[in-house]
Amino acid sequence: QVQLVESGGGLVQAGGSLRLSCAASGSPFSFTRMGWYRQAPGKQRELVATQHSPGSTNYADFVKGRFTISRDNAKNTVYLQMNSLKPDDTAVYYCYARTNYGSEYWGQGTQVTVSS
């Protein structure tokens, strides 16, 4: 069974920073795409940032210039460095991974709370 284990969430004041990590394991195939989505109370889940193994990235407009996604392919781990956090960034952040044959997996989520 593929598992995505997230960590790094917590409470931070507006303007602060957090670094999320997600370690994927259990797949006999490579994770060609990994990334992050988030869901705030009463809102739908939305893309934050994803990265394909060759290095291409995709950022939501509202995080460009503030968040940075990176990967450690040897450890099957994806990171999300979040700077200049705003209260609107408060949400549950979910790790996402896709294998080279097309299967998709989700983590259980980690809470990020940004106070005013």
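Bear in mind that the values here come from a model prediction, so they are computed numbers and not experimental data.
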Hey, any chance [X] and [Y] share a hydrophobic cluster, counting ILVMFWY side chains that come within less than 4.5 Å of each other, even indirectly?
X: Tyr79; Y: Val12; value: no
X: Val92; Y: Val63; value: no
X: Phe62; Y: Trp36; value: yes

In the structure I gave you, are the side-chain heavy atoms of [X] and [Y] within less than 4.5 Å of one another anywhere?
X: Tyr94; Y: Gln39; result: yes
X: Arg38; Y: Glu46; result: yes
X: Leu4; Y: Tyr96; result: no
X: Thr50; Y: Tyr37; result: yes
X: Met82; Y: Leu20; result: yes
X: Tyr59; Y: Arg66; result: no
X: Asp89; Y: Phe67; result: yes

Drop me the distance from [X]'s [atom1] to [Y]'s [atom2], to the nearest 0.5 angstrom.
X: Glu6; Y: Cys22; atom1: CD; atom2: SG; result: 5.0 Å
X: Ser27; Y: Gln3; atom1: OG; atom2: CD; result: 12.5 Å
X: Ile69; Y: Gln81; atom1: CD1; atom2: CD; result: 12.0 Å
X: Lys86; Y: Ser116; atom1: NZ; atom2: OG; result: 12.5 Å
X: Leu85; Y: Asp88; atom1: CG; atom2: CG; result: 11.0 Å
X: Thr57; Y: His52; atom1: OG1; atom2: NE2; result: 12.0 Å

Which atoms form the tightest heavy-atom contact between [X] and [Y], and what is the distance?
X: Met34; Y: Asn76; value: CE-O, 3.8 Å
X: Leu18; Y: Gly8; value: CD2-O, 3.8 Å
X: Arg19; Y: Ser70; value: NH2-OG, 4.2 Å
X: Ser84; Y: Ser17; value: N-OG, 4.4 Å

- Message: Please check this pair: side chain of Thr113 against backbone of Thr90, looking for a donor-acceptor N/O pair closer than 3.5 Å.
- Response: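 Such a contact is absent between Thr113 side chain and Thr90 backbone.
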- Query: Does CD belonging to Gln13 count more than 12 external heavy atoms closer than 6.0 Å?
  - Reply: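 Not buried by this count: 12 neighbours or fewer within 6.0 Å.
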- Message: Atom CD of residue position Gln111 - does it have more than 12 heavy atoms of other residues, nucleotides or ligands inside 6.0 Å?
- Response: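 More than 12 heavy atoms, drawn from other residues, nucleotides or ligands, come within 6.0 Å of this atom.
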- Query: Among Trp106, Phe29, Phe31, which one satisfies side chain to side chain contact (heavy atoms under 4.5 Å, CB included) with Val2?
  - Reply: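 Among Trp106, Phe29, Phe31, the one that satisfies the side chain to side chain contact (heavy atoms under 4.5 Å, CB included) with Val2 is Phe31.
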